[in-house]
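Here the structure comes first, spelled out in C-alpha cells, and everything after it is commentary.
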Amino acid sequence: MQPSQNITRLIEIMEALRQPETGCPWDIVQTFETIKPYTLEEAYEVADAIERKDMDDLCDELGDLLLQVVFHARMAEEAGDFAFGDVVEAITKKMIRRHPHVFARSDADTPQAVKLQWDEIKQAEKAERRERRARRGLPEDTSKGHLGSVQRSFPALVEALKLQERAARVGFDWSSPEPILDKIEEEIAELREALALNDKAKVADELGDLIFAVVNIGRHVGADPEMALRGTNTKFRRRFSHIETTLEEGGESLEAATLERMEELWQAAKAIERRLK
C-alpha cells in the first residue's frame with residue numbers, strides 16, 4: 001500500500017483497517033460513538049493550526065479530519081446505510097443547489113442577498129427532508145421549534161451564539177451593542193449578590209447569564225466568541241510561558257515564586273508584546 005493524492009487510496013486504507021480478519025484490532029472495534037470524540041478533537045486541532053498560522057500543521061490536521069469523515073462513512077457502508085460516495089454526492093448537490101448565483105441564474109449579487117437566498121433554499125431542503133424521511137418510515141426530526149435546529153452537542157459558546165443568531169432572525173435581538181453592555185453590568189451585579197450569599201447554584205446560574213450576555217455583544221460587533229476566547233487562551237499560554245521561562249533562567253521555580261513575582265513577569269510579557277506590535 002503506497003501513499004497517494006487520490007482520495008480512493010484513503011478509502012482503500014480504511015477498508016483494509018476495518019477488515020475483520022486482517023485489519024487493525026483497534027479500528028475494527030470502533031463505532032460511531034467511540035469515534036465521535038476524536039472527530040471533535042480533530043476539528044479543534046484544525047482550528048488551532050489556523051490560529052497559529054502553521055500551514056505545515058494545518059495540512060496534517062486537515063488530513064486527520066478527512067480521515068474521520070472516511071472512517072464514519074466506512075462504518076455506515078458496513079451497516080448498509082451509505083458510503084463515502086454518497087457523502088460526496090450529498091454535499092456537492094447541496095452546494096450546487098445553494099449557489100444558483102454561481103451555477104445557475106439568480107439575482108443575488110451581494111453577500112446579504114446570497115445569505116437570504118441560502119436560508120430560503122435551506123428551508124425548502126428541510127421540507128424535502130421531512131418528506132423523504134416519511135417515505136422511508138423514519139421518525140420526524142426531534143428538533144422542533146424555531147431554535148430546534150441548534151444542536152445541543154455544540155460547545156456551549158457556539159450553541160449560545162447560534163441560539164442568539166436564530167432568535168435574531170425573527171427580531172428577538174438588541175438594537176445595538178450599547179444596551180448589551182448595560183445587560184452585562186446588570187449580570188455582574190447579580191453575580192456579586194450570589195457570591196455574597198455563598199449560593200453555589202445561584203452563582204453558577206448568574207455566571208451562565210453573564211457569559212451568554214458577553215457572547216451576545218461579541219455577535220453584535222462581529223467577533224466570534226469561540227475564536228475570541230481561543231485567541232485569549234493562546235495569549236495566556238504565551239505570557240505564562242514567559243513567566244516560566246524567565247523563572248527557570250534565573251534559577252527559580254513556579255512553585256516557589258510568589259504571586260507578586262509572577263505578576264511582575266506577566267506585566268513584562270505584556271510590555272514585550274506591546275513593543276512587538
query: Mind checking whether Phe103 and His99 have parallel, tilted or perpendicular rings, split at 30° and 60°?
result: perpendicular
Worksheet item: Among the clusters formed by ILVMFWY side chains lying less than 4.5 Å apart, do Tyr38 and Val70 turn up in the same one?
Response: yes
Nearest heavy-atom approach of Val87 to Ala73 is CG2-CB, 4.4 Å
What one should report as the nearest heavy-atom pair of Arg9 and Pro3 is NH1-O, 4.3 Å
Smallest heavy-atom separation, Gln164 atom then Asn216 atom, equals OE1-CA, 3.1 Å
Q. Would you call Glu77 and Arg74 a salt bridge, using N to O less than 4.0 angstrom?
A. yes
Atom pairs and distances, side-chain donor-acceptor, residues 16-26, under 3.5 Å, sequence neighbours left out:
unit_1: Arg18; atom_1: NE; unit_2: Glu78; atom_2: OE1; d: 3.2
unit_1: Arg18; atom_1: NE; unit_2: Glu78; atom_2: OE2; d: 3.2
unit_1: Arg18; atom_1: NH1; unit_2: Asp27; atom_2: O; d: 2.8
unit_1: Arg18; atom_1: NH1; unit_2: Ile28; atom_2: O; d: 3.2
unit_1: Arg18; atom_1: NH1; unit_2: Gln30; atom_2: O; d: 3.0
unit_1: Arg18; atom_1: NH2; unit_2: Glu78; atom_2: OE1; d: 2.5

Discussion item. Is it the case that the side chain of Arg98 and the backbone of Lys122 share a donor-acceptor pair, with hydrogens and angles ignored and the cut-off at 3.5 Å?
Written reply: no
Quiz item: Salt bridge check: are Glu206 and Lys202 linked by an N-O gap of less than 4.0 Å?
Solution: yes
Looking at Ala83, is its backbone amide N or carbonyl O close enough to the side chain of Asp86 to form a donor-acceptor pair, meaning the two atoms are under 3.5 Å apart? yes
Glu264 meets the side-chain hydrogen bond (donor to acceptor under 3.5 Å, both in side chains) criterion, sequence neighbours left out, with Arg261
**Q.** Polar side-chain atom of Arg239 near backbone of Lys270 as donor-acceptor pair, under 3.5 Å
**A.** no
Please check if Leu62 and Val69 belong to a single hydrophobic cluster, counting links between Ile, Leu, Val, Met, Phe, Trp and Tyr side chain heavy atoms closer than 4.5 Å. no
Donor-acceptor under 3.5 Å (Thr234 side chain, Arg230 main chain) | yes
Q: State plainly whether one hydrophobic cluster holds both Ile50 and Met55, where clusters connect Ile, Leu, Val, Met, Phe, Trp and Tyr through side-chain heavy atoms under 4.5 angstrom apart.
A: yes
Are Ile7 and Leu67 co-members of a hydrophobic cluster defined by side-chain heavy atoms under 4.5 Å apart?
yes
Report task. Quick one: do Glu165 and Arg169 satisfy salt bridge (charged side-chain N to carboxylate O under 4.0 Å, His left out)? Show the steps, please. Result -> CA-CA 7 Å; Glu165 288 174 340; Arg169 292 182 186 180; 5.7 Å; no
Given 3.5 Å as the limit, does a donor-acceptor pair link the side chain of His72 with the main chain of Phe32, or not?
no
Salt-bridged, Lys162 to Glu159, with N to O below 4.0 Å?
no
d(Glu45 CD, Leu65 CG) to nearest 0.5 Å is 10.0 Å
Worksheet item: Does any N or O in the side chain of Thr245 come within less than 3.5 Å of the main-chain N or O of His242, such that one atom is a donor and the other an acceptor?
Response: no
Would you say that Phe240 contacts Leu254 through its side chain, given a criterion of any heavy-atom pair below 4.5 Å between the two side chains? yes
